[in-house]
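Have a look at the structure below, then the notes.
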There are 2 protein chains.
Amino acid sequence: MYPSYGRISLDAEEGNGLMKGEEMAKEMLSIMMRKGWRITDQRRTLAQIFTETEGYLSPKDVYESMRLKYPGVSFDTVYRNLRMLSEMGGLEQFYFLEGGLKFKASCQSHHHHHLICINCEKTLTFDYCPMEQKLDLPGNYKIINHRFEIYGICESCQGEIKNDKVDTDEETESLID
Amino acid sequence: MYPSYGRISLDAEEGNGLMKGEEMAKEMLSIMMRKGWRITDQRRTLAQIFTETEGYLSPKDVYESMRLKYPGVSFDTVYRNLRMLSEMGGLEQFYFLEGGLKFKASCQSHHHHHLICINCEKTLTFDYCPMEQKLDLPGNYKIINHRFEIYGICESCQGEIKNDKVDTDEETESLID
DNA sequence: ATTAGTGCAAAGCGTTTGCATCCAA
DNA sequence: TTGGATGCAAACGCTTTGCACTAAT
């Protein structure tokens with residue numbers, strides 16, 4: 001039932017090819033400054049957590065990580081900052097039916113889509129965008145935005161999964177909102 | 001920033017061209033029977049509500065509608081049945097960042113994607129699927145599923161919106177998860 | 001008659017809010 | 001110095017659960 005795939009343009013395997021690690025953290029901090037936000041220890045830590053993480057983080061994940069480096073944090077501060085950073089583009093939000101809302105450092109510099117592992121949530125980016133096609137859409141909608149994601153099982157998970165998590169169909173059905 | 005669109009295959013404007021109204025309700029009820037579920041008044045009503053609705057319904061919406069026809073319903077029964085019907089494919093779930101989880105009768109008969117109005121949530125279906133392309137994806141993921149949705153403002157909303165809801169960019173950013 | 005489905009109430013969980021305190025600018 | 005950021009606690013909304021009762025098969 002699910003179609004073919006093959007070759008087309010795409011770029012980096014990980015960070016997104018234009019920015020990674022330290023650079024990404026700086027980017028986030030600079031966003032904060034530009035918007036007139038203060039750079040607090042918590043926010044510095046927050047930025048760093050996301051630059052060190054490949055996959056998605058739930059607010060809870062972030063909270064746990066924050067506590068390691070900055071024991072006093074409170075949950076609501078984490079939420080506040082996640083929300084603010086998301087709203088102005090520093091983070092990308094995804095909602096997983098199982099797992100709820102999660103966050104990931106976003107690439108500000110170019111348009112792309114995601115290939116997400118439904119097991120470990122490791123995410124790769126690729127440049128192909130279906131909107132580049134001459135789509136003949138029904139109705140007379142004024143197009144504003146779109147969403148295109150591909151879900152699968154990454155190479156390193158393909159081995160492990162075979163044992164425990166088997167019923168891939170159901171897994172997927174529920175993981176994708 | 002957001003790309004072009006033009007002509008390509010597609011089908012019906014509404015139901016999805018293969019099933020509508022009564023037929024859809026029967027389909028849902030038959031699903032229940034096949035699975036060995038009992039057909040209760042509440043479930044019959046639930047099925048009917050979705051066949052009469054074009055857009056998405058939140059659990060709350062459904063609850064309100066249910067109460068009109070069947071005053072005694074409880075919220076948790078609505079949830080239980082929404083969940084069950086979703087799990088076995090009778091309903092499609094979408095999560096809107098603002099508005100939360102919503103449901104819509106699903107088309108079992110053919111693969112398609114959605115064009116969703118970010119104002120009224122009226123949804124049209126179209127047959128074009130980006131996975132038909134020969135995509136050259138990074139990594140070695142075993143592809144399991146995908147998601148492709150286009151968000152815009154439908155014709156009838158384009159007039160109304162201009163007055164109140166203006167800042168389309170932000171609207172969208174937050175509506176799409 | 002059996003057993004799934006319902007309604008009720010209460011709990012659970014993730015997220016948000018008000019407010020006094022703290023601290024980056 | 002001072003207004004934004006934080007931590008705390010409480011509230012909030014949505015969803016789930018346990019249990020006795022009801023009703024479809």
Side-chain angles (χ1 to χ4, degrees), chain A residues 28-49 56-88 90-91 93-103 174 177, chain B residues 28-49 56-88 90-91 93-103 174 177:
Chain A
M28 270 195 251
L29 293 175
S30 106
I31 286 173
M32 295 186 203
M33 297 196 66
R34 257 182 278 142
K35 293 277 175 174
W37 301 354
R38 292 183 182 172
I39 312 292
T40 63
D41 286 357
Q42 289 91 331
R43 285 178 176 168
R44 212 184 300 276
T45 307
L46 188 79
Q48 203 180 346
I49 287 171
Y56 293 88
L57 295 172
S58 65
K60 197 174 172 184
D61 294 336
V62 176
Y63 174 64
E64 302 296 350
S65 298
M66 288 274 280
R67 277 208 303 191
L68 296 180
K69 304 193 177 187
Y70 194 90
V73 261
S74 66
F75 228 102
D76 49 298
T77 297
V78 172
Y79 273 106
R80 265 189 296 250
N81 289 328
L82 286 176
R83 185 149 29 97
M84 296 181 98
L85 260 179
S86 301
E87 276 170 11
M88 34 74 45
L91 295 175
Q93 307 182 46
F94 282 78
Y95 188 95
F96 297 85
L97 255 203
E98 291 181 5
L101 196 57
K102 302 203 174 182
F103 300 81
S174 50
D177 88 35
Chain B
M28 269 195 251
L29 294 175
S30 106
I31 287 173
M32 296 185 201
M33 297 197 66
R34 256 182 278 141
K35 293 277 175 176
W37 300 355
R38 294 180 181 173
I39 311 293
T40 63
D41 286 357
Q42 289 90 331
R43 284 178 178 170
R44 212 185 299 278
T45 307
L46 188 79
Q48 203 181 346
I49 287 170
Y56 293 89
L57 295 172
S58 66
K60 199 175 172 184
D61 294 335
V62 176
Y63 174 64
E64 302 296 352
S65 299
M66 288 274 279
R67 276 210 305 190
L68 297 180
K69 304 193 178 187
Y70 194 91
V73 260
S74 67
F75 228 101
D76 50 297
T77 296
V78 172
Y79 273 106
R80 265 189 296 251
N81 289 328
L82 286 175
R83 184 149 30 98
M84 296 181 99
L85 260 178
S86 300
E87 275 170 12
M88 35 72 47
L91 296 175
Q93 307 181 45
F94 281 76
Y95 189 94
F96 297 85
L97 255 204
E98 292 182 3
L101 195 56
K102 303 205 175 183
F103 300 81
S174 49
D177 86 36

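Every chain is numbered from 1, with letters handed out A, B, ... down the list of sequences. Both backbone and side-chain heavy atoms feed into the values below; hydrogens, waters and symmetry mates do not.
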**Request:** Evaluate the criterion side chain to side chain contact (heavy atoms under 4.5 Å, CB included) for residue pair A/V78 and A/K60; output intermediate values, then yes/no.
**Result:** CA-CA 9 Å; A/V78 172; A/K60 197 174 172 184; over 6 Å; no

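- Atom-to-atom distance recorded for B/D41:CG and B/Y70:OH is 5.0 Å, nearest 0.5 angstrom.
- Between the C1' atom of D/dC14 and the CD atom of B/E64 lies a distance of 14 Å, rounded to the nearest Å.
- Of the inter-residue distances, the one linking B/L46 atom CG with B/T77 atom OG1 reads 10.5 Å to the nearest 0.5 angstrom.
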Contacts under 3.5 Å, N or O only, protein and nucleotides 12-18 of chain C:
unit_1	atom_1	unit_2	atom_2	d
C/dT15	OP2	A/Y79	OH	2.1
C/dT15	O5'	A/Y79	OH	3.1

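- Residues passing the side chain to side chain donor-acceptor pair (under 3.5 Å) test with B/K69, sequence neighbours excluded: B/E52.
- Contacts classified as salt bridge (charged side-chain N to carboxylate O under 4.0 Å, His left out) and involving residues 73-86 of chain A (residues at least two apart or in different chains) are given here: A/D76-A/R80.
- For the atom pair CG (A/L91) and CZ (A/F103), the distance works out to 7.0 Å, reported to the nearest 0.5 Å.
- Within residues 31-46 of chain A, the residues approaching DNA chain C are A/R38, A/I39, by heavy-atom distance under 4.0 Å.
- Qualifying salt bridge (charged side-chain N to carboxylate O under 4.0 Å, His left out) partners for A/R67, counting only residues two or more places apart in sequence or in other chains: A/E64.
- Partners of B/M84 according to the side chain to side chain contact (heavy atoms under 4.5 Å, CB included) rule, which considers only residues two or more places apart in sequence or in another chain, are B/W37, B/R43, B/N81.
- Listed by residue number, the members of residues 66-74 of chain A with any heavy atom below 4.0 angstrom from DNA chain D are A/Y70, A/G72, A/V73, A/S74.
- Closest heavy-atom contact between B/M32 and B/L85: CE-CD1, 3.9 Å.
- Every residue meeting the side chain to side chain donor-acceptor pair (under 3.5 Å) condition with B/S58, not counting sequence neighbours, appears here in chain and number order: B/D61.
- In this structure, NZ of B/K102 is placed 14 Å from C1' of D/dC14, rounded to the nearest angstrom.
- Listed by chain and number, the residues in a ring pair (Phe, Tyr, Trp, His ring centres under 6.0 Å) with A/Y63 are A/F75 (sequence neighbours excluded).
- End-to-end axis angle of the helix from C/dA1-D/dT25 to C/dA25-D/dT1, from C1' rotation axes over five pairs per end: 40° (rounded to 10 degrees).
- Counting to the nearest Å, the P atom of D/dA5 and the CG atom of A/L82 are 15 Å from each other.
- Scanning for side chain to side chain donor-acceptor pair (under 3.5 Å) contacts around A/Y79 gives an empty result, with sequence neighbours left out.
- The minimum heavy-atom distance between A/L101 and A/P59, with the atom names listed, is O-CD, 3.4 Å.
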